[in-house]
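The residues of the chain are indexed from 1 along the displayed sequence.
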Amino acid sequence: MNSELEGALELLKREWEQAEDWLDMAFHAPDELERAQVGYALDPEGRSLASREEGAWQPEWVVIGYTPLVGDPIIVDLGEARQPVSYLMHGMGEWGAGSYIAGSIGQLQKALEKVNRWIAEKKGPGQKQGQEDDRKLQIAVTRSELDKLVAEIVAEDEYADVEIWKMMLAPAYDAARLTRKI
């Protein structure tokens, strides 16, 4: 792992930590990456599980995060020039190309910055990050506002997929459904 990638991951993790309650994604710190590869690129003894065979884990894929609800890996593909970030699904019998989340770690960080600005705007000046007990229920959000946020993220990154971002923002969409009932 090179220092540029480690630095980008550190910035990504910090941005994610500000919005984690609103996202169904989590990211590893650089010092956790080796352990995060076990079960994907490595077996428990540290032997490679990657191969060039179709449907196999590819040697260029590095697990940088996961979806907390189901544990599916989020990877960066170091074999592609832009190093896109993808979401892969477990249990399908083979690993495919997955669904893109962002064109690069930098693009993903920008998307998370956008989510954090949006959250800050929704909270208004009276609330600070981490101040309230249940952040999701402290601010009113609507599905249409979230759809607009997702549309902005996708418009700024040709790799970003609308349905994947809606899935990644599932906790925010759940909060939108809850605030409508209150």
Side-chain angles (χ1 to χ4, degrees), residues 1-52 56-92 94-120 128-130 135-136 149-150 153-154 156-161 164-172:
M1 172 100 34
N2 64 42
S3 61
E4 184 177 324
L5 181 58
E6 286 182 8
L9 287 173
E10 191 64 44
L11 292 173
L12 177 66
K13 183 157 176 74
R14 266 188 266 161
E15 205 62 49
W16 164 78
E17 286 172 343
Q18 294 178 42
E20 68 181 295
D21 289 340
W22 294 86
L23 300 165
D24 185 26
M25 62 173 75
F27 294 95
H28 300 291
D31 63 344
E32 301 169 332
L33 287 182
E34 186 174 332
R35 189 174 50 243
Q37 306 316 302
V38 174
Y40 302 105
L42 303 170
D43 71 12
E45 287 76 40
R47 293 182 297 256
S48 178
L49 297 172
S51 82
R52 296 276 177 216
W57 190 268
Q58 298 300 301
E60 298 85 10
W61 294 350
V62 176
V63 176
I64 61 169
Y66 58 97
T67 58
L69 187 60
V70 293
D72 290 332
I74 296 173
I75 64 151
V76 61
D77 186 345
L78 300 179
E80 287 193 39
R82 288 187 58 196
Q83 300 181 343
V85 178
S86 298
Y87 161 79
L88 303 179
M89 290 176 57
H90 267 111
M92 301 305 287
E94 62 182 43
W95 296 108
S99 298
Y100 288 119
I101 298 171
S104 67
I105 291 174
Q107 285 293 115
L108 181 53
Q109 180 189 346
K110 287 179 186 176
L112 293 181
E113 286 172 0
K114 181 177 280 301
V115 170
N116 283 324
R117 281 192 307 275
W118 181 82
I119 292 168
K128 294 182 180 172
Q129 187 72 21
R135 290 175 240 191
K136 290 184 268 190
L149 173 65
V150 169
I153 290 169
V154 170
E156 293 175 6
D157 184 352
E158 65 184 283
Y159 279 74
D161 178 88
I164 293 299
W165 270 98
K166 285 183 176 183
M167 182 182 72
M168 293 296 172
L169 284 162

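- Counting heavy atoms of neighbouring residues, nucleotides and ligands inside a 6.0 Å radius, atom NZ of K110 does not exceed 12 of them.
- In this structure, CD1 in I101 is found 7.0 Å from CE in M167, a value given to the nearest 0.5 Å.
- Between the side chain of Q37 and the backbone N or O of V62 there is no donor-acceptor pair closer than 3.5 Å.
- For the atom pair CZ (R14) and CG (L9), the distance works out to 11.5 Å, reported to the nearest 0.5 Å.
- Remark: F27 CZ to L11 CG distance equals 13.0 Å, nearest 0.5 Å.
- Considering all non-hydrogen atoms of both residues, D21 and P171 come closest at O-CB, 3.4 Å.
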Quiz item: After noting the C-alpha distance and the side-chain angles of E15 and V115, does the key distance pass the side chain to side chain contact (heavy atoms under 4.5 Å, CB included) rule?
Solution: CA-CA 9 Å; E15 205 62 49; V115 170; over 6 Å; no

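- In terms of heavy atoms, V154 sits closest to A160 at CG1-O, 3.7 Å.
- Taking 4.5 Å as the limit, every side-chain heavy atom of L108 sits out of range of all side-chain heavy atoms of V76.
- Ion pairing between E60 and R52 holds under the 4.0 Å rule for side-chain N and carboxylate O.
- Atom OG1 of T67 is separated from atom CG of L23 by 12.0 Å, given to the nearest 0.5 angstrom.
- Contact of the W95 side chain with the I75 side chain is not registered, since no non-hydrogen atoms from C-beta on lie closer than 4.5 Å.
- Distance check: Q18 CD to L112 CG gives 9.5 Å after rounding to the nearest 0.5 Å.
- Distance check, rounded to the nearest 0.5 Å: CG of D24 to CD1 of I164 gives 10.5 Å.
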Practice problem: Please assess L5 against L78 for the test side chain to side chain contact (heavy atoms under 4.5 Å, CB included), listing each intermediate value before the final yes or no. | Solution: CA-CA 10 Å; L5 181 58; L78 300 179; 4.0 Å; yes

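- Across all non-hydrogen atoms, the minimal contact from Q107 to G103 is CB-N, 4.0 Å.
- Listed here is the closest heavy atom pair of I74 and A26: CD1-O, 4.5 Å.
- Between A56 and S51, the closest heavy-atom pair is CB-OG, 3.2 Å.
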Exercise. Please assess L88 against Y40 for the test side chain to side chain contact (heavy atoms under 4.5 Å, CB included), listing each intermediate value before the final yes or no.
Key: CA-CA 11 Å; L88 303 179; Y40 302 105; over 6 Å; no

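- Annotation: ring-ring contact (aromatic ring centres under 6.0 Å, His included) contacts of Y159 (sequence neighbours excluded): Y100.
- Residue E10 places its CD atom among more than 12 non-hydrogen atoms of other residues, nucleotides or ligands, all under 6.0 Å distant.
- Considering all non-hydrogen atoms of both residues, G39 and L49 come closest at C-CD1, 4.1 Å.
- For the residue pair Q58 and D77, no side-chain donor N or O sits within less than 3.5 Å of a side-chain acceptor on the partner.
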Exercise. Begin from the C-alpha positions of D157 and W165 and carry the test side chain to side chain contact (heavy atoms under 4.5 Å, CB included) through to its verdict.
Key: CA-CA 12 Å; D157 184 352; W165 270 98; over 6 Å; no

